[in-house]
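Notes follow once the structure below has been shown.
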Number of protein chains: 2
Amino acid sequence: MIIGEAAKLSGMSAKTIRYYEDIGLVTPTRDPQSGYRDYSDNDVHVLKFLHRARDLGFSVKQCRELLSLYEDRDRASSDVKAIAKSHLEDIGRKIEELQEMENTLKHLVSCCQGDDRPDCPILSGLAGKDS
Amino acid sequence: MIIGEAAKLSGMSAKTIRYYEDIGLVTPTRDPQSGYRDYSDNDVHVLKFLHRARDLGFSVKQCRELLSLYEDRDRASSDVKAIAKSHLEDIGRKIEELQEMENTLKHLVSCCQGDDRPDCPILSGLAGKDS
DNA sequence: GATAAGGGTTCCAGTAACTGGAAGGTCAAG
DNA sequence: CTTGACCTTCCAGTTACTGGAACCCTTATC
């Protein structure tokens, strides 16, 4: 099938799919007549796999690892689990960071009148004067 | 003072400080003798301001807005509050997204034995087979 | 056969916010 | 006078795409 169809089926843009080919993730065959890329059902399957993994926040590098494990029928599930757990830790850290930001900022915002006067605890807070 | 000192005092790297000059955030004077950048106390104050704002996850673009509000003695605090609230919403959205990822991934990981056998619910999950 | 629409192709540039590194100038100390 | 620790500029790389230009292929219609 041509790239537009693969895009629809996989849920990714054609741009992204071409990009994944550039970086060596999914390499379709070519129609020698037209020069168009020709995607097999399996290619689309792999594209979907990548799409889900990216949605779960795996980096492209991690996706590459997961993909090679996926295509290796003899892989140990512990290898996959290790990647996933490391990624889970990353996610956890990010959540914590964001929650800290959220708390600090909520505090500053709650202290600010938000009217047309110039006094602003948010700016004072950022400037280092304890609000 | 020279850039290294400003870096120490503000908590940012000299690289970052030069970058902030490139994009027009903080422009120090120059020592005409040496060509070295010369930072005033106020420059450092602004650098600290930026450092905190970035730490709170404000984009550089938002920092620019906050900074111009900070330097405008007649600004309305509501303008600042609007930026902060919009940023708070962004943060909230990101947290939710990450928590969804975390849930999905935790589920997959908990289903995976993590041994030396090849069966792996994580990969199956990514491949679209419901685990 | 000409043409127009709606695909496809390549390639280059831009995004965000820095960071690393090379090549070279300046300054204070010994 | 040299050494070391600063500083300077400039270019490239990072992540994962996205936008756009210029041009080719296919199909349908007139």
Side-chain angles (χ1 to χ4, degrees), chain A residues 1-40 43-44 46-47 49-67 86-87 90-91 94 97-98 101, chain B residues 1-39 43-44 46-47 49-67 87 90-91 94 97-98 101:
Chain A
M1 70 190 77
I2 63 180
I3 197 169
E5 212 177 334
K8 255 179 224 154
L9 291 177
S10 66
M12 283 190 289
S13 73
K15 276 272 184 195
T16 301
I17 295 177
R18 280 189 209 102
Y19 171 69
Y20 283 176
E21 181 180 352
D22 279 355
I23 63 174
L25 279 181
V26 180
T27 309
T29 56
R30 293 278 181 150
D31 176 358
Q33 213 69 27
S34 61
Y36 287 8
R37 290 170 176 82
D38 184 18
Y39 291 87
S40 69
D43 288 335
V44 171
V46 170
L47 288 173
F49 180 97
L50 291 171
H51 189 43
R52 285 180 211 216
R54 294 285 302 130
D55 264 4
L56 283 173
F58 286 99
S59 70
V60 166
K61 190 180 169 191
Q62 287 174 319
C63 287
R64 206 186 291 271
E65 295 174 47
L66 289 172
L67 198 53
S86 143
H87 179 42
D90 286 351
I91 292 176
K94 276 185 200 159
E97 270 180 43
L98 284 170
M101 287 183 199
Chain B
M1 71 190 75
I2 62 181
I3 197 170
E5 211 176 334
K8 256 178 223 156
L9 291 176
S10 66
M12 282 190 289
S13 73
K15 277 271 184 193
T16 301
I17 295 175
R18 281 189 208 103
Y19 172 70
Y20 283 176
E21 181 179 355
D22 280 355
I23 62 174
L25 279 180
V26 180
T27 308
T29 55
R30 293 278 181 150
D31 176 356
Q33 214 66 28
S34 62
Y36 287 8
R37 291 169 176 81
D38 184 18
Y39 290 87
D43 288 335
V44 171
V46 170
L47 288 173
F49 180 97
L50 292 170
H51 188 43
R52 286 180 210 216
R54 293 286 299 129
D55 264 5
L56 284 172
F58 287 99
S59 70
V60 165
K61 189 179 169 192
Q62 286 173 319
C63 287
R64 207 185 292 270
E65 294 174 47
L66 289 171
L67 198 54
H87 180 43
D90 287 350
I91 292 176
K94 276 184 199 160
E97 270 180 44
L98 285 171
M101 286 183 200

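Quick note on labels: first sequence line is chain A, next is B, and so on, each numbered from 1. Everything numeric here is computed off the predicted structure, so don't read it as measured data.
Side chains of A:Ile23 and A:Arg64 form a contact here, defined as non-hydrogen atoms less than 4.5 Å apart. Between B:Ile3 and B:Arg18, the closest side-chain pair of non-hydrogen atoms falls below 4.5 Å.
Closest approach of A:Leu47 to A:Ala6, counting heavy atoms only: CD1-CB, 4.4 Å.
As a whole-Å value, the separation of B:Ile3 CD1 from D:dC6 C1' is 11 Å. Counting to the nearest Å, the P atom of D:dT9 and the NZ atom of B:Lys15 are 11 Å from each other. Between the CD1 atom of A:Ile17 and the P atom of C:dT9 there is a distance of 10 Å, given to the nearest Å. Rounding to whole angstrom units, CG of residue B:Asp22 and P of D:dA12 are separated by 16 Å. Distance, A:Met12 CE to D:dT18 C1': 15 Å, rounded to whole Å. Protein atom OH of A:Tyr36 is 7 Å distant from nucleotide atom P of C:dG8, rounded to whole Å. Going from atom NZ of B:Lys61 over to atom C1' of C:dG14 covers 15 Å, rounded to whole Å. Between the CG atom of B:Leu50 and the P atom of C:dA17 there is a distance of 12 Å, rounded to whole Å.
A:Glu21 has no carboxylate O lying under 4.0 Å from a charged side-chain N of A:Lys15, or vice versa, which leaves the two without a salt bridge. Ion pairing between A:Glu5 and A:Arg37 fails under the 4.0 Å rule for side-chain N and carboxylate O.
Phosphate contact (OP1/OP2 of D:dC7, side-chain N/O of B:Arg37, threshold under 4.0 Å): absent. One finds a side-chain N or O of A:Ser13 lying less than 4.0 angstrom from the OP1 or OP2 phosphate oxygen of D:dT18. The side chain of B:Ser34 contributes no N or O atom lying less than 4.0 Å from OP1 or OP2 of C:dG25. Between A:Arg54 and D:dC17 there is a side-chain polar atom (N or O) within less than 4.0 angstrom of OP1 or OP2. A close approach under 4.0 Å does occur between a side-chain nitrogen or oxygen of B:Arg30 and OP1 or OP2 of D:dT9.
Of the residues near DNA chain C, B:Ser59 and A:Gly35, the one whose nearest nucleotide (by heavy atom distance) lies more toward the 5' end is A:Gly35. For the pair A:Glu5 and B:Tyr20, both in contact range of DNA chain C, the more 5′-proximal nearest nucleotide belongs to A:Glu5.
Checked against D:dC17, C:dC18, C:dT9, the side chain of B:Tyr19 finds its nearest nucleotide in C:dC18. Comparing atom distances between the B:Thr16 side chain and each of D:dC17, C:dA17, C:dT19 picks out C:dT19 as nearest.
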